[in-house]
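Inspection log for the structure reproduced underneath, given as structure tokens.
Computation of the quantities below employed the complete heavy-atom set of this structure, encompassing side-chain atoms and omitting hydrogens, waters and symmetry-equivalent molecules. Letters A, B, ... are given to chains in the order of the sequence lines, protein chains preceding strands, and every chain is numbered from 1.
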There are 2 protein chains.
Amino acid sequence: MLTGTNLTYTKAYNFRIVFETIRLHGPISRADIARQTRLTAQTASNIVARLLERNFVKEGVKLQKKRGAPSTTLEVNPEGAYSVGLDFNRDHLTGILVDLAGNLKTKIFYEINSPTPKDAINLMVSTIRQLTDSSLVKDAYIAGIGLGLPGPLEINKNNEVSNTINPKAFPNWEHVPVGKMLKDKIDHPIYIENNASAAAIGERMYGAGKNIPNFLYTFFGAGLGGGLVINGNIFEGENRNAGELGYFPFPNGKSPLSTSDQPHIGEHFNLNNLYRWLNEHDLDIKRPEDLANLYNDKNEWFMQWLDLAKEYLVSIFLAAEYFLDIEIIILGGRLPYSIIEDIAKDLPDLIEKPRISINSKPPIFQCGTAGTDAAALGAATLPMFDLFAAQTDVLIKD
Amino acid sequence: MLTGTNLTYTKAYNFRIVFETIRLHGPISRADIARQTRLTAQTASNIVARLLERNFVKEGVKLQKKRGAPSTTLEVNPEGAYSVGLDFNRDHLTGILVDLAGNLKTKIFYEINSPTPKDAINLMVSTIRQLTDSSLVKDAYIAGIGLGLPGPLEINKNNEVSNTINPKAFPNWEHVPVGKMLKDKIDHPIYIENNASAAAIGERMYGAGKNIPNFLYTFFGAGLGGGLVINGNIFEGENRNAGELGYFPFPNGKSPLSTSDQPHIGEHFNLNNLYRWLNEHDLDIKRPEDLANLYNDKNEWFMQWLDLAKEYLVSIFLAAEYFLDIEIIILGGRLPYSIIEDIAKDLPDLIEKPRISINSKPPIFQCGTAGTDAAALGAATLPMFDLFAAQTDVLIKD
DNA sequence: TTGTATTAATAAAATGAATTGACTAATCTT
DNA sequence: AAGATTAGTCAATTCATTTTATTAATACAA
């Protein structure tokens, strides 16, 4: 619905704009903030005063340029806020604490095995408590708790709780009100996203997408996921399922890992499928980390998988270019960094041959900066993003 | 760059919000406008006064609901502004005049044959003059001139002029500064878009996309084009080439119309390819309208083409769903309406079989309301959109 | 028929954000 | 040492929305 705006919203937006300017371009002086944001020096100065008061920024070194009075610079105060991120899947729970600058402060990792919802929630709650009760964040402001779940998710009518997990891949987890269950026990705002979207938001705010308003994030998790960042914000689609890259059909033939009657690329990237297939070839692989060794050894089976993976990705990324003319594709997730790096290195050449172009540049491939904890880090940035990101929707009523 | 906002921008945005509310929901009272926009009654009333003063809206009937004073309703004043739209391609130039309500007032159509840039510009100029000098718009406010060109387009460094046409399909038209050439002779603001994007904006503002902020528009023109509307605005991509649906590869085999060494779906939808192929089968077809007869007669060659066309579209639209989880796909363009209607009718069933879904609804297929003049009507709405659409970017400096 | 409740619309005053203008202080240039 | 330039802030102004108050029109109930 079309709603108006007023001074209050203006204030909220300018507050975010100034904070973002300091975060992305700091250390920076009040005068430079005013120039960049096109606000008056007075307004910028006033907003900075509010940011200082709330401890979100702090003054840094004095700086002199050519002439005139030297300027005192401002930069993000990492201790100004903290946030908790959880990345949950059937084989693991990662919990982390990050500060306002996006630094990872604490990390807790559990290997688990398809827990019941009740057990899972209990583990999440104790993990959150452990992270928020540490001496580090004593008295500090906690922005909230972000939870990354394997998609697809649901939102019920009340818009309050979102949660269900692909029932085939994760039995007994249909329509579990994860958000509600957590809210009953945790006294912080709770944000839930599918882990691919969360990771994309993480890269957008703190990582490779910091200065890139439009990109496609490709998430190698339990399967193949994606997060689409459009105009600086995640684009979720009508049913919150945008970025389901795994559903694309194989460009020709099908993967030896495919077993379903609707062959789709996701099957090739499904880690359980991959483990099983490698086991069939006498390779004992149980965790994503184990793949790094196979890659280092140039194991023939793994390299066969990797070559096919690249071929399949090419067809997806071509679609991304034709549809969205996307500038940058960021790759991240639980696969070892060396493997993701290899993919990012090879794709530009591989995509060039089938690509049709009249006057546009090919997409750039980049590795995410969050490493294998991308989902947890992304989850942790959900509260930060909600509070600080300079989205234009904060300008509009409701 | 991150820029701030202030009261002036607030005012501009609320002005648009109120106008849009009247346009989409009128006849509507001041009180209802206030309720919908969440502005105060006073503010809504003040903005309406400004809209009345500028003749963009007019008062309508009195309306009484249950109790209380009856309200005077407001509605768009069609005569409040006019706009000119041109749809140019190598075989035709369509020029139209529309009013503020989106009604087609005058239409001029020329059949042409790959004119030189100079001849084309002259024809455009005389068409524009004819449309703007008519007695109808005497003394009326002309919002501007919109020009739809076959993509892909370019923007030069100065951001002022955009213009070049697929040189393979349209010889001697590389890097022609159409915008600049028009501006020298025409004293109205000039807007240029590729015709698919223009048509998409037209459907967004006045047609099937009126109340739909996210949709994919599919344009059957000289080839296959697309326009992506995201958050109410056209999404153009990094090189302004988003929506190049024609570049998708064939899902299997290739079309009998395909001749290039990089087979792609666009070849199948290329009208010249289609005419040629039909000619080879002794069917004398020269214009899009001629296809309607073939369709009525259920001509075997044409139906073969049509069945393949649907198959190819399915693969594109599946990609649209997986990538964007798009709710609605609007079909329009120069193909006869009966054929587009047939496609829209058959696609839901055709897409259901290959489609993979866990908990999302399939896209809805709809025919555009602009008919075969979609591109020209879309071009005509470019100035209207720029002046009246409630985009959040009008809230931000620069 | 009369009094009351409800709603529409606007006038006048208040609010609160950014802006404008004036001023001080710090540094470089000549 | 004087002048130029820049940073930063206080005080006053501006201006669109909001708040408050008022008038007018209608329906409903007694």
Side-chain angles (χ1 to χ4, degrees), chain A residues 2-18 21-22 25-53 57 59-74 394-398, chain B residues 2-19 21-22 26-53 57 59-74 394-398:
Chain A
L2 297 160
T3 53
T5 183
N6 66 22
L7 264 185
T8 312
Y9 295 86
T10 300
K11 183 183 183 184
Y13 185 76
N14 285 343
F15 183 84
R16 286 166 184 247
I17 281 290
V18 170
T21 302
I22 295 171
H25 304 291
I28 184 173
S29 70
R30 291 168 175 80
D32 278 340
I33 292 170
R35 276 186 283 268
Q36 283 211 24
T37 58
R38 307 185 115 264
L39 295 168
T40 59
Q42 184 61 61
T43 303
S45 195
N46 288 342
I47 294 174
V48 164
R50 273 158 51 209
L51 284 165
L52 282 168
E53 197 184 349
V57 304
E59 293 196 326
V61 291
K62 291 235 173 196
L63 213 84
Q64 58 224 51
K65 294 180 182 176
K66 286 169 188 171
R67 267 195 190 184
S71 48
T72 45
T73 60
L74 297 144
V394 306
L395 270 164
I396 290 165
K397 295 197 178 188
D398 261 6
Chain B
L2 297 160
T3 53
T5 182
N6 66 22
L7 264 187
T8 312
Y9 295 85
T10 299
K11 185 183 182 184
Y13 184 75
N14 285 343
F15 182 85
R16 286 166 183 246
I17 281 290
V18 170
F19 180 71
T21 302
I22 295 171
I28 184 175
S29 69
R30 291 168 175 81
D32 277 339
I33 293 169
R35 276 186 283 268
Q36 282 211 25
T37 58
R38 307 186 116 266
L39 295 168
T40 59
Q42 185 61 60
T43 303
S45 194
N46 289 342
I47 294 173
V48 165
R50 272 159 51 211
L51 284 165
L52 282 168
E53 197 184 350
V57 303
E59 293 196 326
V61 292
K62 290 234 173 198
L63 213 85
Q64 57 223 50
K65 293 180 182 176
K66 285 169 189 172
R67 269 195 190 185
S71 47
T72 46
T73 60
L74 296 144
V394 305
L395 269 163
I396 290 164
K397 295 196 180 191
D398 259 7

Taking only residues two or more places apart in sequence, or in another chain, which ones meet [X] in a side-chain contact (heavy atoms from CB on, under 4.5 Å)?
| X | value |
| --- | --- |
| B:Ser45 | B:Arg30 |
| B:Thr40 | B:Gln42, B:Thr43 |
| A:Leu2 | B:Ile17, B:Glu20, B:Thr21, B:Leu24, B:Ala390 |

Point to revise | Those residues of residues 27-37 of chain A lying under 4.0 Å from DNA chain D by at least one heavy atom | key: A:Ser29, A:Arg30, A:Ala31, A:Arg35
Study note, to complete from the structure: side-chain hydrogen bond (donor to acceptor under 3.5 Å, both in side chains) filter on B:Ser29, not counting sequence neighbours, yields none
**Study point:** Nucleotide-resolved protein contact map, nucleotides 19-28 of chain D, B/S/- at heavy-atom distance under 4.0 Å
**Key:** B----BBBSS
Rounded to the nearest angstrom, tell me the gap between atom [atom1] in [X] and atom [atom2] in [N].
| X | N | atom1 | atom2 | result |
| --- | --- | --- | --- | --- |
| A:Leu52 | D:dT9 | CG | C1' | 14 Å |
| B:Lys11 | C:dA18 | NZ | C1' | 15 Å |
| A:Phe15 | C:dG16 | CZ | C1' | 17 Å |
| B:Leu51 | C:dA9 | CG | P | 15 Å |
| A:Leu63 | C:dC28 | CG | C1' | 15 Å |
| A:Arg38 | C:dA17 | CZ | P | 23 Å |
| B:Arg50 | D:dT17 | CZ | C1' | 11 Å |

**Study point:** Sequence neighbours excluded - salt bridge (charged side-chain N to carboxylate O under 4.0 Å, His left out) pairs with any residue from residues 35-46 of chain B
**Key:** A:Asp398-B:Arg38, B:Asp32-B:Arg35
Study note, to complete from the structure: In short, salt bridge (charged side-chain N to carboxylate O under 4.0 Å, His left out) pairs touching residues 5-15 of chain B with sequence neighbours left out are none
Does a side-chain N or O from [X] land closer than 4.0 Å to OP1 or OP2 of [N], or not?
| X | N | value |
| --- | --- | --- |
| A:Asn6 | D:dA16 | no |
| B:Thr8 | D:dA16 | no |
| B:Lys397 | C:dT19 | yes |

Review point. Rounded to the nearest 0.5 Å, how far does CD of B:Glu59 lie from CG of B:Leu74?
Key: 5.5 Å
Study note, to complete from the structure: Sorted by position of nearest nucleotide on DNA chain C, 5' first, the leading residue of A:Leu7 and B:Ser71 is B:Ser71
Practice item. Go through the steps for B:Ile396 and A:Tyr13 under the test side chain to side chain contact (heavy atoms under 4.5 Å, CB included), then give the verdict. Key: CA-CA 10 Å; B:Ile396 290 164; A:Tyr13 185 76; 3.2 Å; yes
Check your understanding: Which nucleotide in the set D:dT18, D:dG8, C:dA18 lies at the smallest distance from any side-chain heavy atom of A:Ile47?
Key -> C:dA18
Point to revise | Residues that B:Phe19 engages under ring-ring contact (aromatic ring centres under 6.0 Å, His included), provided they are two or more places apart | key: B:Phe388
Check your understanding: Reckon A:Asn46 touches a base, only the sugar-phosphate, or nothing at all at heavy-atom distances under 4.0 Å?
Key -> nothing
